[in-house]
Every structure is written in structure tokens, then in C-alpha cells.
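Encoded as C-alpha cells, the structure appears first; notes follow it.
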Number of protein chains: 2
Amino acid sequence: MDEALRARWLEHAHRTLSSSGRRAGAARTAIIQVLARDGQCLLTAQELLDRLGPRGSYSSVYRSLDELCSLGLLHRMSGRDGVARYEIADPDRHHHHLIDETSGTAHPFNDDELERVIAAVAVRLGVTLTGHDVVIRGRPS
Amino acid sequence: MDEALRARWLEHAHRTLSSSGRRAGAARTAIIQVLARDGQCLLTAQELLDRLGPRGSYSSVYRSLDELCSLGLLHRMSGRDGVARYEIADPDRHHHHLIDETSGTAHPFNDDELERVIAAVAVRLGVTLTGHDVVIRGRPS
DNA sequence: TTATATGCAAAAGCTTTGCATGGGT
DNA sequence: ACCCATGCAAAGCTTTTGCATATAA
């Protein structure tokens with residue numbers, strides 16, 4: 001959807017990686033390209049590997065995903081099935097997930113009041129917020 | 001903590017299981033006892049098995065956990081590490097989780113306004129709510 | 001008696017890792 | 001030249017399953 005967002009993340013990822021002393025190999029370069037294109041919402045390692053074709057392997061995929069998570073460029077979450085899913089971390093455009101229980105599909109959404117309440121809850125609980133996830137499950141009404 | 005709650009859930013579980021045509025074997029009986037005692041918040045299958053000692057096996061544990069989830073007596077969620085965690089489902093006393101990033105420990109909490117906002121979001125998105133989870137991560141401030 | 005519950009051990013699926021090789025800087 | 005990145009294959013972990021046996025109803 002947002003082309004500018006993708007380009008910005010791709011650029012940011014390249015810079016962060018190289019300034020952290022890592023080298024740009026062919027596999028990792030392809031991986032972050034695919035992530036920039038298809039990683040807006042809940043991509044599995046297997047799906048990523050499928051889209052890479054012969055340009056990647058299990059080791060390069062999992063190692064790169066770990067690396068990107070450590071650097072804060074990616075978010076990892078595991079769905080109910082226990083399979084890890086990844087999506088690109090965009091500080092400006094953060095979203096949550098609605099799971100349609102009829103179809104099993106996930107839809108991203110965001111809500112300002114939800115963000116506000118979560119911030120308030122963190123204050124009430126006496127913590128500095130470092131992250132949060134909300135999953136809503138429902139059926140079309 | 002709430003002794004009455006535990007007894008109520010245990011009773012409810014027994015009734016639901018037998019009325020669904022299942023038989024009460026030794027393993028399953030021990031499993032729901034342990035769950036009633038220690039399953040208020042995020043117990044893994046392995047932890048459950050450890051507490052069962054020789055009274056259970058992997059198969060009985062995983063099969064019973066599945067069964068209890070299907071009957072709505074238990075909630076399954078998977079943490080960031082991908083390992084499934086279970087807690088008893090209490091319709092009256094539902095909670096969310098605060099993860100202290102300093103220690104990695106989870107603390108249950110609830111918040112009425114959060115519930116209200118989530119209900120409002122579901123309406124806005126055009127779904128009938130069937131469930132929801134909130135995870136807040138932070139450090140003591 | 002008869003279907004279900006259980007335990008063992010094997011299998012399955014996702015993820016990680018050791019090691020030799022290739023490639024970036 | 002040096003060290004990091006990559007790919008393969010093996011190993012590791014969690015979870016599931018087939019099958020023979022034990023047991024509840």
C-alpha cells in the first residue's frame with residue numbers, strides 16, 4: 001500500500017544494518033527487499049522463504065529475521081498456532097490485529113483511543129511502556 | 001489466590017467434561033487438579049507435566065489441554081518464544097498481561113476502561129467480539 | 001462388555017546450530 | 001587478507017499421532 005513507507009523502511013534497514021557492522025550478502029539483501037514489499041503484516045518465515053525462491057535458505061532467513069528483530073527493525077509475534085510471524089516495525093504507523101474467526105484471516109487496524117488507554121494503564125501499573133500488542137477476535141456482525 | 005474460584009472451576013470442568021461424554025481417567029483428573037491450583041496464569045505444558053510427576057505423560061497432557069480448550073475451559077496463548085501457555089478460563093474474572101522486560105515475568109491485570117474501548121473498537125470494525133488479548137511490555141518506572 | 005483414556009515411542013513441524021565454503025569491505 | 005555471510009545438513013524442541021494396553025461406565 002504505502003510505497004513511500006516501504007522505501008523509507010528499506011533505506012532505514014540498510015543503514016542500520018551496515019552501521020551495526022554487518023555485511024550485505026545476497027540473501028539478506030533479498031530478504032529485506034521481500035520484507036519491505038510483503039512484510040507489512042504477519043509474514044511467516046516459510047512464506048518469506050517461498051517468496052525468496054533460490055535466493056535464500058532456512059539459515060539465512062532465520063538468522064536475518066533474528067538480526068532484524070534485535071535491531072528493532074522487525075516485530076516478531078506468534079499466532080495461536082505457535083508459528084512465528086513477522087512484520088516491519090514502523091515507529092509512526094503501528095497497528096493491531098483483528099482476527100476474523102470465520103475465515104481465520106488477520107486484518108490490521110489502529111485506534112487512537114486504544115493507544116491512549118494503554119498508555120494510561122501503563123502509568124497506573126507503574127511501568128514505562130516498551131511495547132504492546134492487542135489481538136481482537138470476532139465475527140462479522 | 002481465590003480459593004472459591006478454583007473450586008468453582010474444578011467443579012465446572014468436571015461437569016462439562018462428563019456431560020460431553022468423556023470419561024474421567026487418572027491422568028486427566030490429576031491434570032485438572034493441577035490446573036485449578038496453578039493454572040491461573042500462563043502455565044506451559046512442560047511445567048504442568050513437571051508438576052504431575054508420574055501421574056501424567058506428554059500424550060495425556062497435550063490431549064487434555066486440547067480438550068479443555070475446545071470446551072472453553074482453558075485459554076491457550078503463545079508467548080513470544082513460541083511456547084504455548086495455558087490458563088483457566090473464568091468468564092467473570094478475565095485478565096490481561098503485563099510483561100516486565102527487566103525480569104521477563106508476567107503479571108496479570110485488568111482495566112475496565114480498556115475493556116470498554118475494546119468493545120467500542122469491535123463495534124467500529126463491524127464485528128461481534130469473541131475474544132481479545134492485550135499484552136503490555138514495560139520496565140518499572 | 002465396549003468404547004474411551006493412557007503411555008510409550010516414533011513422527012512431524014518449526015527453528016537453531018556446526019561447519020565448510022563463498023563473498024564483502 | 002580478513003572476517004562475515006551463506007547453505008547444507010544435522011540437531012533441538014515443542015507438539016502430535018499410532019498403537020497396544022488398561023480402565024471407566
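Keep in mind it's a predicted model, so treat the numbers as computed, not measured. We name chains A, B, ... by the order of the sequence lines, and we start the count at 1 in each one. All values below were derived from every heavy atom in this structure, side-chain atoms included, with hydrogens, water molecules and symmetry-related copies excluded.
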Please report, rounded to the nearest Å, how far the [atom2] atom of [N] is from the [atom1] atom of [X].
X       : N      : atom1 : atom2 : value
A/Leu17 : C/dT25 : CG    : C1'   : 16 Å
B/Arg22 : C/dT6  : CZ    : P     : 11 Å
A/Ile32 : D/dA5  : CD1   : P     : 13 Å
B/Arg76 : D/dT16 : CZ    : C1'   : 11 Å
B/Asp66 : D/dT17 : CG    : P     : 8 Å
A/Tyr62 : C/dT15 : OH    : P     : 3 Å
B/His14 : C/dA5  : NE2   : P     : 13 Å
A/Gln46 : C/dA12 : CD    : C1'   : 14 Å

Between the base of C/dC8 and the side chain of B/Ser59, is there any donor-acceptor pair under 3.5 Å? yes

When only distance counts, do a donor and an acceptor, one from the side chain of A/Arg23 and one from the base of D/dC3, lie under 3.5 Å apart? yes

Touch class at under 4.0 angstrom, heavy-atom based, for A/Arg63 against every strand present: base

What's B/Ser60 touching, base or sugar-phosphate or nothing? Going by heavy atoms closer than 4.0 Å.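 It contacts sugar-phosphate atoms only.
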
Nearest of [options] to any side-chain atom of [X]?
X       : options               : answer
B/Val83 : D/dT6, D/dT16, D/dT15 : D/dT15
B/Ala27 : D/dG7, C/dT6, D/dT14  : C/dT6
A/Glu67 : C/dC14, D/dT15, D/dA5 : D/dA5

Going by atom types only, do A/Thr105 and A/His107 share a side-chain donor-acceptor pair under 3.5 Å?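 The criterion, which ignores hydrogens and geometry beyond distance, is satisfied for A/His107 and A/Thr105.
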
Using heavy-atom distances to pick each residue's nearest nucleotide on DNA chain D, tell me which of B/Ala24 and A/Arg55 is more 5'.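 Counting from the 5' end, the first nearest nucleotide belongs to A/Arg55.
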
Assign each of A/Ser57 and B/Arg85 to its nearest nucleotide of DNA chain D by heavy atoms, then name whichever residue's nucleotide is nearer the 5' end. A/Ser57

Does a sphere of radius 6.0 Å around NE2 in A/His95 hold more than 12 heavy atoms from other residues, nucleotides or ligands, not counting ones at 6.0 Å or beyond? yes

Can you confirm whether A/Trp9 sits close enough to A/Leu74 that some side-chain heavy atom of one is under 4.5 Å from a side-chain heavy atom of the other? yes

How about A/His94 and A/His75: are their ring centres within less than 6.0 Å of each other?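 Centroid separation for A/His94 and A/His75: 6.0 Å or greater.
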
Any donor-acceptor pair under 3.5 Å linking the side chain of A/Ser60 with the backbone of A/Ser57? yes

